[in-house]
Amino acid sequence: MSGIYLVTVPIGNKDDITLRALELLKSSRVIYSEDTRVFKELCQKLMIDYSDKEIRSFHDHSGEKVLEDIISLADKENIVFVSDAGSPIISDPAFPLVLRALEEGVELHSYGGINSVITALELSGLAPIPFKFHGFLTREKGKLTTELKQMGKEYGTHIFFEGKSRVMNTLEQVTQMYPDFKFALARELTKAFESVYRFKGSEFAEIKEQITEKGEFVILMENNNKQAASGSSDELLFLAEEIIQKGARPKMLAKLLSEITGQPTKELYQKMTATRQ
């Protein structure tokens, strides 16, 4: 057996390890981890004897040589990769390794399990479909505003991570931008002090004193306004006029815009044809 095995480990509660993952970790000789100390602590909790294993480090700053070593070894035996918590591919360092493995024709295997994105979505009470995961948002203030504005244009539930030092500032900004949106803030998921706060943007000032600024945070925001998320009617009609000038049929285009915006087809058709008179 050879190849690279991406193993999801618990995000807090050790008992969330799957039986498949547990057996693989026990039987594998070479394991790459984001932080070897964190992984060894997990092994102790799961009663995994790692005395005869090679536990090596692989993280965001690992160089090309480490990638080459993993690919070379994966041709001969199974190589396990884990991050500190959850899936090694969700805001963690495994993606460059996945790309290299695919380029080199190395077998990839996923031993999935719990992750904070889906757990937070399940507990949020927000619409689960569609949802979009953004990872960690930018730290640059101007770019952050741009990212948050873009979310306001996209229908569905938006999910992103935030650190304890920035979570309140980010929530202040995004709730002021979207006072009518529904929010959820999940903290310390699956751990002893797990907390989920649910509120409208306009209610944040009332509940922010209840939030404990410790641990790991997931922010969720539901944009359920299809029409607002799709852009203004004027913008869409301007775009429609350009498309009609290239030969599109107004009636068909009106039907398509109706599906996107939720506005009546007849109303959109009348607006489009009025601009051409």
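Every value quoted in this text rests on a predicted model; they were computed, and no experiment measured them.
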Under the salt bridge (charged side-chain N to carboxylate O under 4.0 Å, His left out) rule, collect the residues that match up with E162, sequence neighbours excluded.
R166
Compare every heavy atom of E107 with every heavy atom of S2, then report the nearest pair and how far apart it is.
O-CB, 4.2 Å
Ion pair check, E77 and R29, cut-off under 4.0 Å
yes
Considering non-hydrogen atoms only, spot the tightest contact between L6 and P88 and give its length.
CB-CG, 4.0 Å
Salt bridge (charged side-chain N to carboxylate O under 4.0 Å, His left out) against E64, all qualifying residues, sequence neighbours excluded
R100
Report the distance from atom CD of E203 to atom CZ of R198, rounding to the nearest 0.5 Å.
13.0 Å
Report yes if the side chains of V218 and V117 come closer than 4.5 Å at any heavy-atom pair, otherwise no.
no
More than 12 heavy atoms of other groups within 6.0 Å of E222 CD:
yes
Taking the side chain from S62 and the backbone from H59, do they hold a donor-acceptor pair closer than 3.5 Å?
yes
Any pair with a residue in residues 10-19 that passes salt bridge (charged side-chain N to carboxylate O under 4.0 Å, His left out), sequence neighbours left out, goes on the list, sorted by first then second residue, please.
none
Checking Q173 against T145 for the side chain to side chain donor-acceptor pair (under 3.5 Å) test, could you report, in this order, the C-alpha distance in whole Å, the side-chain angles of both residues, the deciding distance, and whether it holds?
CA-CA 8 Å; Q173 182 173 352; T145 301; 2.8 Å; yes
Specify whether F204 and F199 have parallel, tilted or perpendicular ring planes, treating 30° as the upper limit for parallel and 60° as the lower limit for perpendicular.
tilted
Under 3.5 Å, is there a donor-acceptor pair linking the side chains of D92 and S83?
yes
To the nearest 0.5 Å, what is the distance between CD1 on I31 and NZ on K40?
11.0 Å
Under 3.5 Å: donor-acceptor pair, side chain of R187, backbone of V196
no
Heavy atoms of V66 and F58 approach each other most closely as CG1-CD1, 3.5 Å
Hey, what do you get for CG (D60) to OG (S91), rounding to the nearest 0.5 Å?
10.0 Å
Is the distance between the ring centroids of Y111 and Y5 less than 6.0 Å?
yes
Decide yes or no for L148 and M151: does some side-chain heavy atom of the first lie under 4.5 Å from some side-chain heavy atom of the second?
yes
If hydrophobic clusters are built by linking Ile, Leu, Val, Met, Phe, Trp and Tyr wherever their side-chain heavy atoms come under 4.5 Å apart, do I79 and F95 end up in the same one?
yes
Step-by-step side-chain contact (heavy atoms from CB on, under 4.5 Å) determination, D180 to K200
CA-CA 6 Å; D180 295 327; K200 283 185 65 175; 4.3 Å; yes
With R20, which residues qualify under salt bridge (charged side-chain N to carboxylate O under 4.0 Å, His left out), at least two apart?
none
Flag side-chain contact, heavy atom, 4.5 Å: I4 against I71:
yes
So, N78 and S28: side-chain donor and acceptor under 3.5 Å apart, yes or no?
yes
Drop me the distance from T36's OG1 to E54's CD, to the nearest 0.5 angstrom.
13.0 Å
Considering non-hydrogen atoms only, spot the tightest contact between K53 and L25 and give its length.
NZ-O, 3.0 Å
Output, in order, the C-alpha distance, side-chain angles, deciding distance and verdict of side-chain contact (heavy atoms from CB on, under 4.5 Å) for Y197 and I211.
CA-CA 8 Å; Y197 308 88; I211 299 172; 4.0 Å; yes
Flag yes if I17 and I11 sit in one hydrophobic cluster, no otherwise; membership is Ile, Leu, Val, Met, Phe, Trp, Tyr, and two members link when side-chain heavy atoms are under 4.5 Å apart.
no
Do I48 and L22 touch side chain to side chain, with heavy atoms closer than 4.5 Å?
yes
Minimal non-hydrogen separation, T190 against I114, with atom names
CG2-CD1, 3.6 Å
With a 4.5 Å heavy-atom cut-off, do I70 and Y32 have their side chains touching?
yes
May I ask you to decide whether E172 forms a salt bridge with K208, counting only side-chain N to carboxylate O separations under 4.0 Å?
yes
Quick one: does E188's side chain have a donor or acceptor within less than 3.5 Å of a partner on E216's backbone?
yes
Salt bridge (charged side-chain N to carboxylate O under 4.0 Å, His left out) involving K65 - partner list, sequence neighbours excluded
D69
Heavy-atom count around K182 NZ within 6.0 Å, excluding the residue itself: above 12?
no
Inspect the contact between E147 and K149 and indicate whether a charged nitrogen and a carboxylate oxygen are less than 4.0 angstrom apart.
no
Considering only heavy atoms from C-beta outward, does the side chain of V106 approach that of L108 to under 4.5 Å?
no
Going only through I, L, V, M, F, W and Y residues with side-chain contacts under 4.5 Å, is there a path from V9 to I89?
no
How about V174 and F183: do any of their side-chain heavy atoms sit closer than 4.5 Å?
yes
L99 with F81, same ILVMFWY side-chain cluster at under 4.5 Å:
yes
Considering all heavy atoms of both residues, which atom of T175 and which atom of G201 are nearest to each other, and what is their separation?
CB-O, 3.4 Å
Which pairs of donor and acceptor atoms, one on a side chain in residues 119-139, lie under 3.5 Å apart (sequence neighbours left out)?
from : atom 1 : to   : atom 2 : distance (Å)
T119 : OG1    : N115 : O      : 2.8
S124 : OG     : L121 : O      : 2.9
S124 : OG     : L126 : N      : 3.0
K132 : NZ     : E154 : OE1    : 3.1
H134 : NE2    : H158 : ND1    : 2.9
T138 : OG1    : E140 : N      : 3.2

Applying the 4.5 Å side-chain criterion to the ILVMFWY set and letting contacts propagate, would L171 and L144 be lumped into a single cluster?
yes
Count the heavy atoms belonging to other residues, nucleotides or ligands that lie under 6.0 Å from CG of L102, then report whether that count exceeds 12.
yes
Does NZ in K45 sit with more than 12 non-hydrogen atoms of other residues, nucleotides or ligands closer than 6.0 Å?
no
When rounded to the nearest 0.5 Å, the distance separating NZ of K141 from OG1 of T146 is 12.5 Å
Using the rule given for side-chain contact (heavy atoms from CB on, under 4.5 Å), can you reason through T170 versus F160, listing the C-alpha separation, both sets of side-chain angles and the distance that settles it, and then say yes or no?
CA-CA 11 Å; T170 300; F160 48 98; 4.1 Å; yes
What I'd like to find out is whether the side chain of F193 reaches to under 4.5 Å of the side chain of T212, using heavy atoms alone.
no
Using 0.5 Å steps for rounding, measure from the CG atom of D84 to the CD atom of E41.
9.5 Å
Are the ring centres of F161 and F217 closer than 6.0 Å?
no
